[in-house]
Amino acid sequence: MGLLEEFWHHKYWLPPGATWEDMKDSADVRYPKPQDLLLCIPGALILIIVRYIFERTIALPLGRRLGVRNKPRRKAQPNATLEDFYNLIGRTPKEEDLISLAKQNDLPVKKVETWFRHRRAQDRPRLMKKFCEASWRFIFYFTSFFSALALLYDKPWFWDHTVCWLSFPQQPLLPALGWFYLLELSFYCSLVATLPFDVKRKDFKEQIIHHIATITLIFVSYCANLIRFGMIVMLVHDASDYILELAKMLHYMKWKRVCEAVFVVFAVVFISSRLVIFPLITYYYFVTKFQMFLLSCLINAFLMILQLLHIFWSYLILQMVFGVILHGAKRKDARSDTEESDRSEAEDLTKSKE
């Protein structure tokens with residue numbers, strides 16, 4: 001048996017007693033096939049192109065009309081030595097490096113320090129870029145959540161999770177659910193592809209872990225025909241994302257009071273969906289009603305990773321809610337850019353989840 005055949009052996013992907021023969025297509029019944037997911041590659045490319053067009057033709061003019069303005073920034077004076085150090089060694093030199101660079105350029109240490117501060121400011125993402133990114137994600141998450149809700153509200157297994165496992169794995173694939181799965185996978189693949197170019201947040205590593213876990217769960221749940229369970233998990237996770245992106249847009253528009261109100265709504269929805277509904281209902285039915293085998297153990301591990309991220313992000317959200325809204329503390333983005341932010345861009349809102 002070859003390596004590929006061993007990888008796809010039913011003993012890894014299906015519960016004991018089930019084989020791939022049980023999931024053969026017939027004239028009127030179709031089951032998920034791993035090769036279907038290859039469409040996520042052109043799907044991700046199409047989404048990147050659509051995003052580019054959307055941000056340039058819709059989000060950018062909309063941001064200008066709503067009063068989003070980039071704050072003018074002082075440019076660092078041209079200096080080849082300092083520029084080489086900045087690009088090749090580091091953006092934030094240590095004290096000994098500052099002294100050495102000051103001697104090389106016959107400049108005061110304070111001036112060298114100021115040069116690096118201005119130079120870092122040049123590379124920070126502008127407010128309009130943040131607004132455009134938030135607009136794109138708001139449109140996608142909003143569409144995704146309510147589309148999933150429309151697809152699932154009349155399904156008996158949506159209201160009674162025990163029905164998710166009836167006749168598994170011989171559950172025919174509904175075309176609409178298959179296309180929705182492909183869209184979600186394409187979107188997260190596009191997010192991974194654009195990570196180096198998007199606004200970098202302090203939880204950049206957590207974002208990567210989240211995207212990898214999500215892509216893995218979508219892939220394996222589709223191949224093993226866990227579509228019903230996967231759709232419920234995606235719906236629960238999408239419930240709060242569009243609200244956060246809306247709060248970010250309002251923040252960049254300087255609508256402070258409305259922004260804070262929307263953020264409170266986001267906090268309530270995020271914590272109730274991620275720390276209550278997901279672990280106590282969705283996850284509970286998975287580990288107690290579903291037969292455990294190798295693949296389900298892998299899914300369980302990645303679901304636990306997501307839950308740890310939920311706890312981490314919930315902690316940041318609660319910091320914002322109690323530290324800023326209730327106590328009137330100085331507002332600062334708990335997921336701001338890695339470098340120091342403009343004062344006007346760093347106030348009033350924390351972004352506590354991807």
Side-chain angles (χ1 to χ4, degrees), residues 47 51-52 54-56 58-71 124-146 187-188 190-191 194-195 197-204 206-207 210-211 237-271 273-274 309-310 312-325 329-354:
L47 283 177
R51 171 184 170 176
Y52 179 84
F54 170 84
E55 290 186 359
R56 297 303 181 278
I58 298 177
L60 189 60
L62 178 65
R64 288 171 178 163
R65 182 175 288 270
L66 293 174
V68 179
R69 297 288 183 270
N70 290 325
K71 184 179 179 181
R124 287 200 305 272
R126 308 306 293 268
L127 201 63
M128 185 62 78
K129 176 177 172 61
K130 295 180 182 181
F131 178 85
C132 290
E133 284 189 16
S135 301
W136 165 248
R137 290 193 172 110
F138 169 76
I139 291 295
F140 183 88
Y141 289 137
F142 182 89
T143 305
S144 172
F145 174 71
F146 286 101
F187 177 71
Y188 280 101
S190 73
L191 288 185
T194 58
L195 268 177
F197 313 103
D198 291 341
V199 175
K200 191 174 181 181
R201 303 283 178 173
K202 286 184 178 179
D203 67 342
F204 181 74
E206 288 81 5
Q207 285 185 49
H210 175 270
H211 294 341
H237 281 74
D238 285 347
S240 60
D241 291 342
Y242 71 93
I243 305 175
L244 174 61
E245 299 304 327
L246 176 60
K248 290 170 60 184
M249 292 168 63
L250 293 168
H251 167 58
Y252 303 140
M253 293 157 52
K254 309 300 182 186
W255 293 15
K256 296 181 181 180
R257 298 302 181 190
V258 182
C259 169
E260 289 182 352
V262 172
F263 187 83
V264 171
V265 174
F266 159 72
V268 171
V269 175
F270 182 91
I271 293 172
S273 61
R274 306 296 181 93
L309 290 173
H310 298 163
F312 167 74
W313 281 317
S314 296
Y315 169 73
L316 295 182
I317 292 170
L318 290 175
Q319 269 192 325
M320 167 65 181
V321 171
F322 289 104
V324 177
I325 296 178
K330 183 179 179 181
R331 293 180 277 264
K332 182 181 171 78
D333 191 342
R335 273 193 61 190
S336 60
D337 308 334
T338 8
E339 295 300 331
E340 62 269 29
S341 300
D342 288 339
R343 295 292 187 271
S344 61
E345 297 178 13
E347 299 176 347
D348 304 321
L349 179 67
T350 183
K351 177 177 187 314
S352 305
K353 196 268 169 198
E354 161 60 56

Could you pull out all residues at least two apart from Glu55 that satisfy salt bridge (charged side-chain N to carboxylate O under 4.0 Å, His left out)?
Arg51
Would you please classify the geometry between the His237 ring and the His310 ring as parallel, tilted or perpendicular, with 30° and 60° separating the classes?
tilted
Between CD1 of Ile317 and CZ of Arg274, what distance do you get to the nearest 0.5 Å?
8.5 Å
Using side chain to side chain contact (heavy atoms under 4.5 Å, CB included) as the criterion, list what pairs up with Ile243, not counting sequence neighbours.
Val262, Val265, Phe266, Val269
Check: Phe140 main-chain N/O paired with Ser144 side-chain donor or acceptor under 3.5 Å:
no
Distance check, rounded to the nearest 0.5 Å: Cys132 atom SG versus Arg126 atom CZ?
13.0 Å
So Tyr242 and Phe142, would you call those rings parallel, tilted or perpendicular, with 30° and 60° as cut-offs?
perpendicular
Val258 and Met253: side chain to side chain contact (heavy atoms under 4.5 Å, CB included), yes or no, with the steps?
CA-CA 10 Å; Val258 182; Met253 293 157 52; over 6 Å; no
Relative to each other, are the rings of Phe187 and Trp136 parallel, tilted or perpendicular (30° and 60° limits)?
tilted
State whether Lys129 and Glu133 are salt-bridged, where the test is any N-O pair (Lys NZ or Arg NE/NH1/NH2 against Asp/Glu carboxylate O) under 4.0 Å.
yes
Hey, could you give me the OH/OG1 distance between Tyr52 and Thr194, rounded to the nearest 0.5 Å?
14.0 Å
Return the CG to NE2 distance between Leu244 and His251, rounded to the nearest 0.5 Å.
11.0 Å
Does any part of the side chain of Arg257, heavy atoms only, come nearer than 4.5 Å to the side chain of Glu260, both counted from C-beta?
yes
Under 6.0 Å between ring centres: does that hold for Tyr141 and Phe145?
no
Quick one: side-chain hydrogen bond (donor to acceptor under 3.5 Å, both in side chains) partners of Ser273, sequence neighbours excluded?
none
For the residue pair Phe131 and Ala59, what are the closest heavy atoms and their distance?
CE2-O, 3.5 Å
Does this structure show an ion pair linking Lys248 with Asp241, if we count only N-O contacts that are shorter than 4.0 Å?
no
Reported CD-to-CE distance for the pair Glu245 and Met249, which is rounded to 0.5 angstrom:
9.0 Å
Near Phe197 CZ, under 6.0 Å, is it more than 12 heavy atoms from other residues, nucleotides or ligands?
no
